[in-house]
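When a residue number appears, it is its place in the shown sequence, counting from 1. Only this structure's heavy atoms are used, side chains among them; waters, hydrogens and symmetry mates stay out.
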Amino acid sequence: MVNREATPLLLGIFIPLLLVGLIALRMYGFDAFFLLAQIDVLYYIVLFPIVLGLVIALLNRSKKNF
């Protein structure tokens, strides 16, 4: 389990690394945004509630349900 102090630190480290990685991939000819734009909108509509449910489940996993 990750404590509350480590979560902002992990986000502060991984978000810039992800953005730098996307920029590096684009500089070397791999355009991830172009590939994401080619995916049909219906898939995004279907996957959004699933991903949102997983995020909420991960955020609520440490709370006790009575």
message: Suppose we screen for side-chain contact (heavy atoms from CB on, under 4.5 Å). Which residues come up paired with Leu11, at least two apart in sequence or across chains?
response: Thr7, Ile15

- line: dist Ile13:CD1 -> Leu18:CG (nearest 0.5 Å) comes out at 13.5 Å

field: side-chain contact (heavy atoms from CB on, under 4.5 Å) involving Leu47 - partner list, sequence neighbours excluded
entry: Ile50

- line: The reported gap from CZ in Phe14 to CG in Leu9 (rounded to nearest 0.5 angstrom) is 9.0 Å

- line: With sequence neighbours left out, the residues meeting side-chain contact (heavy atoms from CB on, under 4.5 Å) with Tyr43 are Ile39, Asp40

- line: Of Leu59, Leu54, Leu52, the one forming a side-chain contact (heavy atoms from CB on, under 4.5 Å) with Ile56 is Leu52

